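Structure record follows, encoded as structure tokens.
Predicted model only: the values in this text are computed from it and were never measured.
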Amino acid sequence: MLSCRELIEQLWDYVDGELPPRRIERITDHLAACLRCYPHYRFAFAFLEALARQRDLLPGPTQALVERVRLLISTSH
């Protein structure tokens, strides 16, 4: 069984859907059974939902910033 520590270390990757299917299944099973870890999951999920709602209200990056990041990415490879 997955430990609470392992779950907490991978929680954000889980919420973002960035884990392999078998790992997602193990974390889902743990969350269904663990009263200590489930509130951490609910917080992470609620935080990302709130952030998504705010995204439309906040100004996006400036064109200058976008170009600077593109330049940094292109020169780092």
Side-chain angles (χ1 to χ4, degrees):
M1 176 152 204
L2 188 70
S3 73
C4 293
R5 182 177 182 187
E6 289 174 298
L7 181 131
I8 295 303
E9 289 173 353
Q10 297 181 6
L11 183 60
W12 290 99
D13 291 334
Y14 172 79
V15 173
D16 288 337
E18 297 179 355
L19 296 173
R22 179 68 184 125
R23 195 62 162 173
I24 289 172
E25 183 180 324
R26 289 184 70 204
I27 290 175
T28 300
D29 291 346
H30 183 100
L31 288 170
C34 184
L35 296 176
R36 287 179 35 201
C37 289
Y38 187 74
H40 293 281
Y41 162 74
R42 288 300 308 151
F43 171 81
F45 189 82
F47 176 80
L48 291 178
E49 280 187 326
L51 190 61
R53 285 193 303 272
Q54 293 299 313
R55 182 180 14 209
D56 293 335
L57 302 176
L58 299 173
T62 64
Q63 188 61 34
L65 177 59
V66 170
E67 292 303 320
R68 174 88 174 124
V69 170
R70 284 186 180 144
L71 177 64
L72 289 170
I73 291 170
S74 70
T75 59
S76 69
H77 291 324

Inset, instruction - Please list, chain by chain and in numerical order, all residues satisfying ring pair (Phe, Tyr, Trp, His ring centres under 6.0 Å) with Tyr38, sequence neighbours excluded. - result: Tyr41
Legend entry - Leu71, CG atom: more than 12 neighbouring heavy atoms under 6.0 Å: yes
Inset, instruction - Mind checking the NE2-CG spacing from His40 to Leu11? Nearest 0.5 Å is all I need. - result: 8.5 Å
Legend entry - Any residue meeting salt bridge (charged side-chain N to carboxylate O under 4.0 Å, His left out) with Arg5, in chain and number order, not counting sequence neighbours: Glu9
Inset, instruction - Could I get the full list of side-chain contact (heavy atoms from CB on, under 4.5 Å) partners for Leu65, not counting sequence neighbours? - result: Pro61, Thr62, Val69
When the side chains of residues 25-33 are checked against the rest of the protein, which donor-acceptor pairs come out under 3.5 Å, sequence neighbours left out?
from  : atom 1 : to    : atom 2 : distance (Å)
Glu25 : OE2    : Arg22 : NH1    : 3.2
Thr28 : OG1    : Tyr14 : OH     : 2.7
Thr28 : OG1    : Ile24 : O      : 2.8
His30 : ND1    : Leu2  : O      : 2.9

Legend entry - salt bridge (Lys or Arg N to Asp or Glu O under 4.0 Å) contacts touching residues 57-74 (sequence neighbours left out): Glu67-Arg70
Inset, instruction - Identify whether Val66 and Ile73 are in the same connected component of the hydrophobic contact network (ILVMFWY, side-chain heavy atoms under 4.5 Å). - result: no
Inset, instruction - Name all residues meeting the side-chain hydrogen bond (donor to acceptor under 3.5 Å, both in side chains) criterion together with Arg23; count only those two or more places apart in sequence or in a different chain, and write none if there are none. - result: Gln10
Legend entry - Heavy-atom side-chain contact between Cys4 and Leu7 under 4.5 Å: no
